[in-house]
There are 2 protein chains.
Amino acid sequence: MDETDKKIIRALQRNGRLSNQDLSEKVNLSPSPCLRRVRNLEKAGVIDGYAAIVDQEAYGLPVTVFLQVRLERHGQDSVDTFEAAVARIDEIMECYLMAGDRDYLLRVVVASLADYEDFIRRRIHKIPGIASLDSSFAFGVVKRSQVLPG
Amino acid sequence: MDETDKKIIRALQRNGRLSNQDLSEKVNLSPSPCLRRVRNLEKAGVIDGYAAIVDQEAYGLPVTVFLQVRLERHGQDSVDTFEAAVARIDEIMECYLMAGDRDYLLRVVVASLADYEDFIRRRIHKIPGIASLDSSFAFGVVKRSQVLPG
DNA sequence: CCCTTATTGGCAGGACCTGCCAAAATTAGC
DNA sequence: GCTAATTTTGGCAGGTCCTGCCAATAAGGG
């Protein structure tokens with residue numbers, strides 16, 4: 001992955017629908033090697049896909065909550081059960097395994113506070129082996145970037 | 001925003017480079033009204049852009065840290081100074097204004113622990129008016145979704 | 001210095017986008 | 001419940017863009 005690849009990645013993070021022609025101009029290449037590099041980055045898994053970035057509020061989901069979860073036990077079974085449940089629940093946009101007390105940190109997106117209560121009761125409390133929950137509500141998003149540093 | 005618009009949004013969140021023809025098939029429309037709906041969603045700001053999704057680790061940035069920041073004062077000046085600094089710092093991928101003690105929660109991405117120390121010393125400690133910092137390290141990503149629920 | 005390998009640029013056929021207009025569907029008013 | 005106005009749709013045509021192939025160039029090793 002040389003400097004040209006990095007330029008390609010940066011450009012596509014900023015605008016994932018850039019045409020190959022425009023992209024090739026930005027990175028000083030002709031279209032065909034440029035396209036080949038993009039395909040290689042995709043095959044190598046560096047570029048993991050493309051997504052439309054949607055405004056949560058405009059879409060009708062103004063509430064963001066960070067939910068910290070602690071498990072009762074940390075054996076493989078407990079962990080697998082929890083992570084499989086997380087994968088299935090659409091309201092969970094992100095989930096990180098954290099250092100410290102082996103917690104999980106989840107970013108949850110819902111339409112309202114009432115829906116959040118519903119989410120906790122109907123989705124989270126159904127998962128076995130949870131020791132504790134801690135919800136932190138976000139007033140709003142100050143920054144969200146798609147472009148990795150470097 | 002009717003059910004067809006939502007189908008379009010869901011499809012483009014899953015694959016932001018879907019051709020208009022393929023998209024129009026998925027939502028049972030002919031290409032031209034489909035394209036018009038997409039453009040309208042873009043103009044309305046519901047679709048805020050398109051981005052390549054890049055694998056942090058494959059790109060050479062395996063370390064994710066959640067940094068909680070508390071400000072000394074919460075006047076407009078303090079807040080503006082902090083948020084302007086956040087906007088400028090590339091390592092900060094996300095920043096949320098949190099309920100509770102008026103904290104900020106930042107997701108920071110760096111290449112190594114040494115770089116994180118550098119980031120705190122050279123970027124964060126330079127910002128005036130910070131009362132306290134609390135760093136939580138992530139072992140890894142369990143889930144990351146681009147598709148909003150509903 | 002030559003040979004091997006990797007990378008590039010150009011080309012051609014085909015797919016796709018996009019702006020226009022007429023047709024169809026939906027809505028509102030009466 | 002009918003008509004008129006408005007919105008949404010589908011089709012078409014010109015032009016742009018993608019993509020797979022081949023030769024040419026550049027880079028690296030013996």
Side-chain angles (χ1 to χ4, degrees), chain A residues 1-62 111 144-150, chain B residues 1-62 111 144-150:
Chain A
M1 196 168 58
D2 58 12
E3 195 50 43
T4 303
D5 282 337
K6 292 210 169 188
K7 273 190 203 169
I8 289 175
I9 290 168
R10 276 194 287 270
L12 287 177
Q13 283 177 321
R14 276 191 280 267
N15 179 7
R17 296 211 66 148
L18 216 53
S19 81
N20 186 55
Q21 286 203 182
D22 291 350
L23 178 60
S24 66
E25 280 177 28
K26 275 190 207 296
V27 303
N28 302 318
L29 231 58
S30 71
S32 43
C34 182
L35 183 64
R36 206 129 18 110
R37 279 171 178 269
V38 172
R39 293 288 177 263
N40 286 340
L41 289 167
E42 290 168 357
K43 276 190 199 108
V46 181
I47 294 177
D48 206 43
Y50 301 86
I53 306 306
V54 175
D55 185 307
Q56 277 184 215
E57 302 207 11
Y59 189 68
L61 297 168
R144 172 171 292 152
S145 169
Q146 301 296 330
V147 185
L148 291 167
Chain B
M1 195 167 57
D2 58 11
E3 194 50 44
T4 303
D5 281 338
K6 291 209 167 186
K7 272 191 203 169
I8 288 174
I9 290 168
R10 276 195 285 270
L12 288 178
Q13 282 178 320
R14 276 192 279 266
N15 179 6
R17 295 211 68 146
L18 216 50
S19 80
N20 186 54
Q21 287 203 179
D22 291 350
L23 178 61
S24 66
E25 282 178 26
K26 275 190 207 296
V27 303
N28 303 318
L29 230 59
S30 70
S32 44
C34 182
L35 183 64
R36 206 127 22 105
R37 278 170 179 269
V38 172
R39 293 287 176 265
N40 285 341
L41 288 167
E42 289 169 357
K43 273 189 201 112
V46 181
I47 294 177
D48 206 43
Y50 301 87
I53 307 306
V54 175
D55 185 309
Q56 276 184 216
E57 302 207 12
Y59 189 69
L61 297 168
R144 173 172 291 151
S145 170
Q146 301 296 331
V147 184
L148 291 167

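First the proteins, then the strands, lettered A, B, ... as listed; each starts at 1.
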If only atom types and distance count, is the side chain of A:Arg17 paired as donor or acceptor with the main-chain N or O of B:Leu18 below 3.5 Å?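 Yes, A:Arg17 side chain to B:Leu18 backbone: donor-acceptor pair under 3.5 Å.
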
Are any of the side-chain heavy atoms of A:Leu12 and A:Tyr50 separated by less than 4.5 Å?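 With C-beta onward as the side chain, the pair touches.
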
Given A:Leu23, which of A:Asn15, A:Leu29, A:Val38 fulfils the side-chain contact (heavy atoms from CB on, under 4.5 Å) condition?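 The side-chain contact (heavy atoms from CB on, under 4.5 Å) with A:Leu23 is passed solely by A:Val38 among A:Asn15, A:Leu29, A:Val38.
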
Looking at [X] and [Y], what are the two nearest heavy atoms and their distance?
{"X": "A:Ala51", "Y": "B:Gln13", "answer": "CB-O, 3.3 Å"}
{"X": "A:Asn20", "Y": "A:Cys34", "answer": "OD1-SG, 3.6 Å"}
{"X": "B:Lys7", "Y": "B:Val27", "answer": "CB-CG1, 3.7 Å"}

Listed by chain and number, what are the salt bridge (charged side-chain N to carboxylate O under 4.0 Å, His left out) partners of A:Asp5, not counting sequence neighbours?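 Expected list: A:Arg37.
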
Side-chain ion pair, B:Arg39 and B:Glu42, N-O less than 4.0 Å: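 Here B:Arg39 pairs with B:Glu42 in a salt bridge, since their nearest N and O are under 4.0 Å apart.
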
Between the opening five pairs and the closing five pairs of the helix from C:dC1-D:dG30 to C:dC30-D:dG1, how far apart are the helix axes, to 10°?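 Comparing the axis at each end, I get an angle of 40°.
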
Distance (rounded to the nearest 0.5 Å) between [X] [atom1] and [Y] [atom2]:
{"X": "B:Leu61", "Y": "A:Leu148", "atom1": "CG", "atom2": "CG", "result": "5.5 Å"}
{"X": "A:Ser30", "Y": "A:Glu25", "atom1": "OG", "atom2": "CD", "result": "11.0 Å"}
{"X": "A:Glu3", "Y": "A:Arg10", "atom1": "CD", "atom2": "CZ", "result": "5.5 Å"}

Please list residues of residues 35-47 of chain A whose heavy atoms come under 4.0 Å from any atom in DNA chain D, ordered by number; otherwise none.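 Correct list: A:Leu35, A:Arg39.
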
Under the 3.5 Å rule, do the base of C:dG19 and the side chain of B:Ser32 count as making a donor-acceptor pair?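 Result: no qualifying N/O pair found.
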
Mind checking what makes side chain to side chain contact (heavy atoms under 4.5 Å, CB included) contact with B:Glu57, not counting sequence neighbours?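 Here the qualifying residues are B:Asp55, B:Pro62.
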
Under 3.5 Å, which N/O atoms of the protein pair with N/O atoms of nucleotides 22-26 of chain C?
none

Strand contacts (DNA chain C) in residues 11-30 of chain B, 4.0 angstrom heavy-atom criterion: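 B:Ser19, B:Asn20, B:Gln21, in order of number.
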
